[in-house]
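What you see below is based on every heavy atom in this structure, not just the backbone, and it leaves out hydrogens, waters and symmetry mates. Being a predicted model, the structure only gives us computed values, none of them experimental.
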Amino acid sequence: MMEKPKHPLSSYNLFFLVQRSRIVKGLDQVGVAITPREVRAVIVENKTKASKKRLHRRSHGKISFKELTTEISRRWKSVDAVSRKVLDDAA
C-alpha cells in the first residue's frame, strides 16, 4: 500500500518549527526577522525525519511544551511583515 503524500506546511507550522529550533538551540532572539535560509533548513530537516513511530520521545529539558507553545503563539501574533512574507512564500 502506498503512503499518501503529505500536504505542505502552513505559515504558522513553519514559524513554529523555526522558533522552536531557535529556543531549543539557545539562539532565542526576539524581534529578529526569519530568513529564507532558516525556513529552508527547517523544511529539509522536517522532510528527512523518519516516519516511524518512536517508542519514547526525549525532551530537551529547556522548556515545557505548554510554555513553548504559549510563547510561540504570542510571538506569532506580533510577527513582523518581512518574516510573514518569507513564511507565506515558503508555505
Side-chain angles (χ1 to χ4, degrees):
M1 187 168 132
M2 291 177 33
E3 289 186 33
K4 294 195 297 188
K6 293 183 177 181
H7 56 301
L9 297 173
S10 69
S11 297
Y12 180 75
N13 295 136
L14 292 171
F15 180 79
F16 188 95
L17 292 171
V18 169
Q19 290 297 320
R20 181 188 179 282
S21 69
R22 282 183 176 182
I23 291 170
V24 170
K25 290 177 184 175
L27 305 172
D28 188 23
Q29 303 161 339
V30 178
V32 176
I34 294 173
T35 64
R37 176 183 282 172
E38 280 182 296
V39 175
R40 281 193 302 272
V42 167
I43 290 171
V44 168
E45 182 181 325
N46 193 42
K47 284 184 180 179
T48 58
K49 286 185 181 177
S51 61
K52 295 178 185 177
K53 187 174 181 180
R54 297 190 303 183
L55 297 176
H56 176 68
R57 294 188 182 263
R58 288 186 70 187
S59 174
H60 45 74
K62 297 185 186 241
I63 187 171
S64 73
F65 184 73
K66 182 178 185 212
E67 291 170 346
L68 180 74
T69 55
T70 302
E71 177 62 23
I72 292 175
S73 66
R74 184 187 61 75
R75 291 180 186 188
W76 176 251
K77 291 174 185 172
S78 62
V79 69
D80 61 295
V82 174
S83 295
R84 185 63 188 253
K85 175 148 179 40
V86 169
L87 293 165
D88 286 341
D89 290 345

Check residues 81-91 and write down every donor-acceptor pair under 3.5 Å in which the side-chain atom is one partner and the other belongs to a residue at least two apart or another chain.
unit_1: S83; atom_1: OG; unit_2: I34; atom_2: N; d: 2.8
unit_1: S83; atom_1: OG; unit_2: D80; atom_2: OD1; d: 2.9
unit_1: S83; atom_1: OG; unit_2: D80; atom_2: OD2; d: 3.4
unit_1: K85; atom_1: NZ; unit_2: D89; atom_2: OD2; d: 3.1
unit_1: D88; atom_1: OD1; unit_2: S11; atom_2: OG; d: 2.5

Separation between CD (E71) and CH2 (W76), nearest 0.5 Å, reads 15.0 Å

Value for CZ (R20) from CD1 (I72), rounded to nearest 0.5 Å, stands at 8.0 Å

Residues 28-47 vs ring pair (Phe, Tyr, Trp, His ring centres under 6.0 Å), sequence neighbours excluded, gives none

Only pairs under 3.5 Å count here: list side-chain donor-acceptor contacts from residues 12-19, not counting sequence neighbours, and write none if there are none.
unit_1: N13; atom_1: OD1; unit_2: S10; atom_2: N; d: 3.2
unit_1: N13; atom_1: OD1; unit_2: S10; atom_2: OG; d: 2.8
unit_1: Q19; atom_1: OE1; unit_2: R75; atom_2: NH1; d: 2.6

Sorted by chain and number, sequence neighbours left out, salt bridge (charged side-chain N to carboxylate O under 4.0 Å, His left out) with R37 holds for none

With sequence neighbours left out, the residues meeting side chain to side chain contact (heavy atoms under 4.5 Å, CB included) with K77 are none

